[in-house]
Q: 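Encoded as structure tokens, here's the structure I'll be asking about.
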Amino acid sequence: VAIYSTFIQRAYDQIIHDVCLQGLPVVFAVDRAGLVGEDGPTHHGAFDLSFLRVVPGLTVFVPKDEAELQDLLATALTLDGPAVIRYPRSAGMGVALGRPLRALDGPWVEGLRTGSDVAFLGLGPGVQLGLRAAEILAASGISATVANVRRIHPMDEDALLRVAERSGALVTVEDNTVAGGFGSAVLELLAEHGVVRRVARI
């Protein structure tokens, strides 16, 4: 099912009752996630992570680039249950596309840079922002981890907890409203496991 993020809001009941409760292998390709520029405010996909991450049985993928989008689509097609792949309106980054397509079995939290002072946990376009921020901080002697979180539901809790334990602070970077989004999921995870860290949600 190919659908804009803003339009899938209207189908929340059908997603839960007609697909997820039955465990049907439906793949939702959710286009225009995040801000959509000239398409305007009615088309901003700013809420999907908040309302999709809480649906039991639904797998939610967020690729960092077009090559990963291909692999996550191949992955979603192998699942026995429903999945969402969300991606922005913007053009791809121009990365080389892999052939043949490959279904992934992890890691769902991909380490792209290692540091100890702060960790940037990025989703989709947020990954590149985290990498740029890490470079700026490195010039000031601050070391930063950057992780690409490819799957936010179910979360790879062990991997995220390992990143938190190695970092003095965490910054989540997502193209979704802060309320109830990925950053909130990270706060919930830390609270459940008694891990105390400074967390900034962007």
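Quantities reported herein were computed from a predicted structural model and do not represent experimental measurements.
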Q: Under 6.0 Å from the CG atom of Asp105, do we count more than 12 heavy atoms belonging to anything else shown?
A: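 Incorrect, the count does not exceed 12.
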
Q: Any donor and acceptor pair, going by atom type alone, linking the side chain of Ser167 with main-chain N or O of Val118 inside 3.5 Å?
A: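 Not confirmed, Ser167 side chain does not pair with Val118 backbone.
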
Q: Do Phe28 and Phe182 belong together in a cluster built from hydrophobic side chains that touch within less than 4.5 Å?
A: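 Yes, Phe28 connects to Phe182 through the hydrophobic network.
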
Q: Determine whether Pro82 and Leu24 make a side-chain contact, defined as any pair of heavy atoms from C-beta on separated by less than 4.5 Å.
A: no

Q: Is there a path of hydrophobic side-chain contacts, each under 4.5 Å between heavy atoms of I/L/V/M/F/W/Y residues, joining Ile3 to Phe51?
A: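 Linked within one cluster.
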
Q: Do Val27 and Leu73 make a side-chain contact, defined as non-hydrogen atoms from C-beta onward lying under 4.5 Å apart?
A: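 Yes, side chains in contact.
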
Q: Using salt bridge (Lys or Arg N to Asp or Glu O under 4.0 Å) as the criterion, list what pairs up with Arg113, not counting sequence neighbours.
A: none

Q: In Å and rounded to the nearest 0.5 Å, what is the OG to CG distance from Ser5 to Leu52?
A: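 One gets 7.5 Å once the value is rounded to the nearest 0.5 Å.
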
Q: At what distance, to the nearest 0.5 angstrom, does CD1 of Ile85 lie from CG of Leu77?
A: 7.0 Å

Q: Using the rule that two of Ile, Leu, Val, Met, Phe, Trp, Tyr join whenever any of their side-chain heavy atoms come within less than 4.5 Å, decide whether Val55 and Leu79 are in one cluster.
A: no

Q: Can you name the closest pair of heavy atoms from Val62 and Ile152 and give their distance?
A: CG2-CG2, 4.4 Å

Q: Any donor and acceptor pair, going by atom type alone, linking the side chain of His44 with main-chain N or O of Val36 inside 3.5 Å?
A: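 Indeed, once roles are kept as given, a pair shorter than 3.5 Å links the two residues.
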
Q: Shortest non-hydrogen contact from Val146 to Gly130?
A: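 What the structure gives for the nearest pair is CG2-O, 3.6 Å.
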
Q: Are any of the side-chain heavy atoms of Leu190 and Leu161 separated by less than 4.5 Å?
A: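 Side-chain contact under 4.5 Å: yes.
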
Q: Any salt bridge (charged side-chain N to carboxylate O under 4.0 Å, His left out) involving residues 42-62? Give me the pairs, sequence neighbours left out, ordered by first then second residue.
A: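 Every salt bridge (charged side-chain N to carboxylate O under 4.0 Å, His left out) pair that includes a residue of residues 42-62, provided the two are not neighbours, is Asp48-Arg86, Arg53-Glu188.
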
Q: Please, which pairs that meet salt bridge (charged side-chain N to carboxylate O under 4.0 Å, His left out) have at least one residue in residues 191-202, sequence neighbours excluded?
A: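 For residues 191-202: none.
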
Q: Quick one: do Arg89 and Asp31 make a salt bridge, cutoff under 4.0 Å?
A: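 Between Asp31 and Arg89 there is no salt bridge, as every charged N stays at least 4.0 Å from the carboxylate O atoms.
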
Q: Out of curiosity, does Val173 fall in the hydrophobic cluster containing Val163 (side-chain heavy atoms, cut-off under 4.5 Å, transitive links)?
A: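 Shared cluster, no.
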
Q: For Val171 and Ile202: C-alpha separation, side-chain torsions, deciding distance, then whether side-chain contact (heavy atoms from CB on, under 4.5 Å) applies.
A: CA-CA 7 Å; Val171 180; Ile202 299 175; 3.6 Å; yes

Q: Once rounded to the nearest 0.5 Å, what's the spacing between atom OG1 of Thr172 and atom CG of Leu121?
A: 7.0 Å

Q: Where the side chain of Glu174 meets the backbone of Gly126, is there a donor-acceptor pair that is under 3.5 Å apart?
A: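 A pair under 3.5 Å: no.
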
Q: Who are the side-chain contact (heavy atoms from CB on, under 4.5 Å) partners of Gln14, not counting sequence neighbours?
A: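 Partners of Gln14 by the side-chain contact (heavy atoms from CB on, under 4.5 Å) criterion, ordered by chain and then number, come out as Ala11, Asp18.
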
Q: With rounding to the nearest 0.5 Å, note down the distance linking OG1 in Thr59 to CG in Asp80.
A: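 These two atoms lie 10.5 Å from each other.
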
Q: Ignoring hydrogens, what is the shortest heavy-atom contact between Val195 and Ala164? Give both atom names and the distance.
A: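 That closest heavy-atom pairing would be CG1-CB, 4.4 Å.
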
Q: For Leu97, give me all partners under side-chain contact (heavy atoms from CB on, under 4.5 Å), at least two apart in sequence or on another chain.
A: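 Expected list: Glu66, Ala67, Gln70, Arg99.
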
Q: Is there a side-chain contact between Asp39 and Arg32, using heavy atoms and a 4.5 Å cut-off?
A: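 Yes, close enough: below the 4.5 Å cut-off.
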
Q: How long is the straight-line distance from CG of Asp175 back to CG of Leu123, given to the nearest 0.5 Å?
A: 7.5 Å

Q: Under the salt bridge (charged side-chain N to carboxylate O under 4.0 Å, His left out) rule, what pairs show up with a residue in residues 130-149, not counting sequence neighbours?
A: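 Applying salt bridge (charged side-chain N to carboxylate O under 4.0 Å, His left out) to every pair that reaches into residues 130-149, excluding sequence neighbours, yields nothing.
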
Q: Holding to salt bridge (Lys or Arg N to Asp or Glu O under 4.0 Å), I want the full list of residues that pass it with Arg150, two or more places apart in sequence or in another chain.
A: Glu68, Glu110

Q: Provide the full list of salt bridge (charged side-chain N to carboxylate O under 4.0 Å, His left out) pairs with a residue in residues 155-165, sequence neighbours left out, each pair given once.
A: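 Found none.
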
Q: Following the transitive rule for hydrophobic clusters with a side-chain heavy-atom cut-off under 4.5 Å over Ile, Leu, Val, Met, Phe, Trp and Tyr, establish whether Val109 and Val60 coincide in one cluster.
A: yes

Q: Is it true that a side-chain atom of Asn148 and a backbone atom of Val127 form a donor plus acceptor pair closer than 3.5 Å?
A: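 Not confirmed, Asn148 side chain does not pair with Val127 backbone.
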
Q: Under the ring-ring contact (aromatic ring centres under 6.0 Å, His included) definition, can you give me all pairs with a residue in residues 71-122, not counting sequence neighbours?
A: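 Only Phe61-Trp108 qualify under ring-ring contact (aromatic ring centres under 6.0 Å, His included).
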
Q: Keeping the roles fixed (side chain from Asn176, backbone from Leu49), state whether a donor-acceptor pair exists under 3.5 Å.
A: yes

Q: If the condition is ring pair (Phe, Tyr, Trp, His ring centres under 6.0 Å), which residues does Phe7 pass it with, not counting sequence neighbours?
A: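 Phe7 satisfies ring pair (Phe, Tyr, Trp, His ring centres under 6.0 Å) with Tyr4, His43 only.
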
Q: Could you list the residues that satisfy side-chain contact (heavy atoms from CB on, under 4.5 Å) with Ala103, not counting sequence neighbours?
A: Thr75, Thr78

Q: So, taking the atom named NE2 in His193 and the one named CG in Leu160, what distance separates them when rounded to the nearest 0.5 Å?
A: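 If we round to the nearest 0.5 Å, His193:NE2 and Leu160:CG are 10.0 Å apart.
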
Q: Tell me, please, which residues at least two apart from Thr177 pass side-chain contact (heavy atoms from CB on, under 4.5 Å).
A: Phe47, Ser50, Ala179

